[in-house]
Amino acid sequence: MTKVLQIGEGNFLRAFAEDYIQKANEKGLINKEVIICQPRSNTKTINALKAQGCEYHVTLAGRFGGEVVNVRKKINCVSQCIDTQSEYSKLEELFCDEELEIIITNTTEAGICFDENEKRDDVPNKNIPARLTNLLYKRYNAGLKGLIFLPVELIEDNADTLRKYMLEYSKIWNLDENFIDYIKNDCSFCNTLVDRIVSGHKEDDEDVCSVNAEPYASWVIQADERLKKAFPLDGFDGIQFSNDLAPYRTRKVRILNGTHTMSVLAAYMCGIDIVRDMMNNELFAEYINLGLEEIKQTINLPKEELDSFANSVLERFNNPFIDHKLYDISLNSMAKFGTRCLPSIMDYMKINGKAPKILSFAFAALIAFYLKEGTDREYTPNDSECIIYGNYGCDPVREILSDEMTWGENLYDNEMLYKAVFNSYESIRINGIENAVKEVVYG
């Protein structure tokens, strides 16, 4: 049995990586045990896991494959939990164990970073790449083979970034040149893209370490030959190996996140409060379907792959066990629209020579939401004060599209886009948001 060290004791990994490893172990596809340590000083979860023999329950609840799923399972693939602060020597011993094979990390987006003030003697290092460099150096000096690093932090090229910072520490700490070659040539760093909504622990659950999550999960991995041999799970239950993660990242951001962003503001202005109710509203169900068709045209993946992913997104939005509030999702919508929806709009116009109907309307609804036009709802937009209380003049569409700081370019210069957004905004302002949605959906 080979060993996986997991740096990260939080809800996400325990409902994601352990769930995958447990299922693959049970099917005889792999034979691995997991050791968990925490990246920071907080020992609450580590101590709670230790107190119950490193076992806990995961409940998967939601819609999946056209069915409502509500399954509770015990996770027992974790063999040990190590307190990084008081048991650091155990980590050093583990890194000198021949059976250690894979390192999985989830230290939040801020965890993979570089701090030039981090010293080699500052053990355990607060900085995660520094800590891993120190621990890996122990393994190198023990004459053992390199490791596979499988970070799941939600940053682009997460493994490449981790590798870059570990090499930086090796240089500023004046470690052996052969160790630098060891990192480059004997270790594998595999970029990943992960997706699962983990809602966390329910207070009334007697298992204090239990975690609730949706049934859907996706783990796209830029796998090299070594990982393929150690973790032969390509095609297993949402795991996919690919040489290029970019299309899958684009798929997730534009379809999953973009569909949220293009729909929730208009739905909230129409008096709808949670995602599930929006999905079960006939008008918005059609609005979302039409918008998805526009988005899918802009992504370079096979149509059947995009259709399958889009259908899974609709199922996830219709989860009967999660009350996901539209107002909560509306946080920082101006910035979100720029990263999640605007690229689809621009690519759609390049492909079709015209502005997309639904996505342009969504842009207008964004502006109307901040100016509270076309709705009777009382609310305060969920954003920074400078955006909420900006002076947008008599032509707010022109003013907002001209904001290069927000969009990275002056969108008002694009006459095609300006006209489409302006016309939709005027429809919202004059007719009200619900009538405007009906007009754009049904013509």
Side-chain angles (χ1 to χ4, degrees), residues 197 199 253-292 294-295 310 313-342 344-345 356-390 392 396-397 400 406 420-442:
I197 296 171
S199 52
V253 171
R254 295 194 185 187
I255 293 181
L256 175 66
N257 305 119
T259 301
H260 257 167
T261 301
M262 78 172 186
S263 59
V264 296
L265 302 184
Y268 181 77
M269 293 167 71
C270 285
I272 301 172
D273 287 314
I274 63 175
V275 172
R276 182 174 61 253
D277 289 344
M278 177 180 71
M279 298 304 301
N280 289 312
N281 179 284
E282 183 180 340
L283 175 62
F284 276 94
E286 184 62 18
Y287 174 91
I288 287 169
N289 282 327
L290 292 171
L292 276 170
E294 294 176 351
I295 292 169
V313 165
L314 298 179
E315 277 195 322
R316 297 167 72 186
F317 286 178
N318 205 6
N319 191 326
F321 300 96
I322 298 177
D323 293 339
H324 204 170
K325 295 181 179 179
L326 301 185
Y327 182 75
D328 292 344
I329 299 170
S330 76
L331 175 68
N332 299 329
S333 284
M334 198 76 78
K336 287 176 179 176
F337 197 91
T339 57
R340 299 175 176 186
C341 297
L342 184 58
S344 295
I345 292 174
K357 184 171 67 169
I358 300 297
L359 289 170
S360 298
F361 182 91
F363 207 157
L366 171 79
I367 297 169
F369 175 82
Y370 279 88
L371 298 181
K372 294 191 276 191
E373 288 280 5
T375 181
D376 295 329
R377 292 205 81 162
E378 290 294 328
Y379 61 91
T380 299
N382 206 358
D383 213 318
S384 63
E385 289 192 4
C386 64
I387 292 177
I388 296 171
Y389 301 111
Y392 297 116
V397 175
I400 289 174
T406 298
V421 177
F422 178 83
N423 290 337
S424 289
Y425 177 78
E426 286 297 288
S427 176
I428 294 169
R429 186 180 66 82
I430 295 169
N431 303 316
I433 183 66
E434 186 169 355
N435 288 329
V437 175
K438 289 178 180 177
E439 183 181 342
V440 78
V441 169
Y442 300 123

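Heavy atoms only: backbone and side chains are in, while hydrogens, waters and symmetry mates are out. In this chain, residues are counted from 1 in sequence order.
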Backbone N/O of [Y] and side chain of [X]: donor-acceptor pair under 3.5 Å:
X	Y	result
Ser333	Ser330	yes
Glu439	Ser427	no
Asn332	Ala335	no
Glu294	Ile358	yes
Ser360	Lys357	no
Tyr287	Met262	yes
Tyr379	Phe369	yes
Tyr370	Asp383	no
Ser424	Val421	no

- [ ] Start with the C-alpha distance between His324 and Phe317, add both sets of side-chain angles, then the distance that settles ring-ring contact (aromatic ring centres under 6.0 Å, His included), and finish with yes or no.
- [x] CA-CA 9 Å; His324 204 170; Phe317 286 178; 8.3 Å; no
Task: Ion pair Arg276/Asp323, N-O distance below 4.0 Å - done: yes
Open item on the list: Check Asp273 with Arg377, please: is the shortest side-chain N to carboxylate O separation under 4.0 Å?
Closed with: yes
Can you tell me how far the [atom1] atom of [X] sits from the [atom2] atom of [Y], to the nearest 0.5 Å?
X	Y	atom1	atom2	result
Cys270	Leu265	SG	CG	11.0 Å
Lys372	Ile433	NZ	CD1	15.0 Å
Met334	Asn382	CE	CG	13.0 Å
Leu359	Ile345	CG	CD1	5.0 Å
Asn289	Thr259	CG	OG1	9.5 Å
Asn281	Ile272	CG	CD1	4.0 Å

Open item on the list: Below 30° counts as parallel, above 60° as perpendicular, anything between as tilted: where do the rings of Tyr268 and Tyr327 land?
Closed with: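 Taking Tyr327 first and then Tyr268, their aromatic rings sit tilted (interplane angle of 30° to 60°).
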Is the shortest heavy-atom distance from the side chain of [X] to the side chain of [Y] under 4.5 Å?
X	Y	result
Pro356	Phe361	no
Val275	His260	yes
Leu331	Lys336	yes
Leu326	Ile274	no

- [ ] Would you please indicate yes or no on a ring centroid separation below 6.0 angstrom for Phe363 and Tyr425?
- [x]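 Aromatic pair excluded; centres sit 6.0 Å or further apart.
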TODO: Apply side-chain contact (heavy atoms from CB on, under 4.5 Å) to Leu256 and Arg340, showing your working.
DONE: CA-CA 9 Å; Leu256 175 66; Arg340 299 175 176 186; over 6 Å; no
Open item on the list: Checking Asn280 against Asn318: is there a side-chain donor and acceptor pair closer than 3.5 Å?
Closed with: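 Asn318 vs Asn280: donor-acceptor pair found between side chains.
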Task: Partners passing salt bridge (charged side-chain N to carboxylate O under 4.0 Å, His left out) against Glu286 (at least two apart in sequence or in another chain) - done: none
Which heavy atom of [X] sits nearest a heavy atom of [Y], and at what distance?
X	Y	result
Ala365	Met269	O-SD, 4.0 Å
Leu290	Val441	CD1-O, 3.9 Å
Gly258	Cys341	O-SG, 3.5 Å
Ala368	Ile428	CB-CG2, 3.8 Å

- [ ] Tell me, yes or no, whether the heavy-atom count around Lys325 atom NZ, taken from other residues, nucleotides or ligands under 6.0 Å, exceeds 12.
- [x]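 Counting other residues, nucleotides and ligands, NZ of Lys325 stays at 12 neighbours or fewer.
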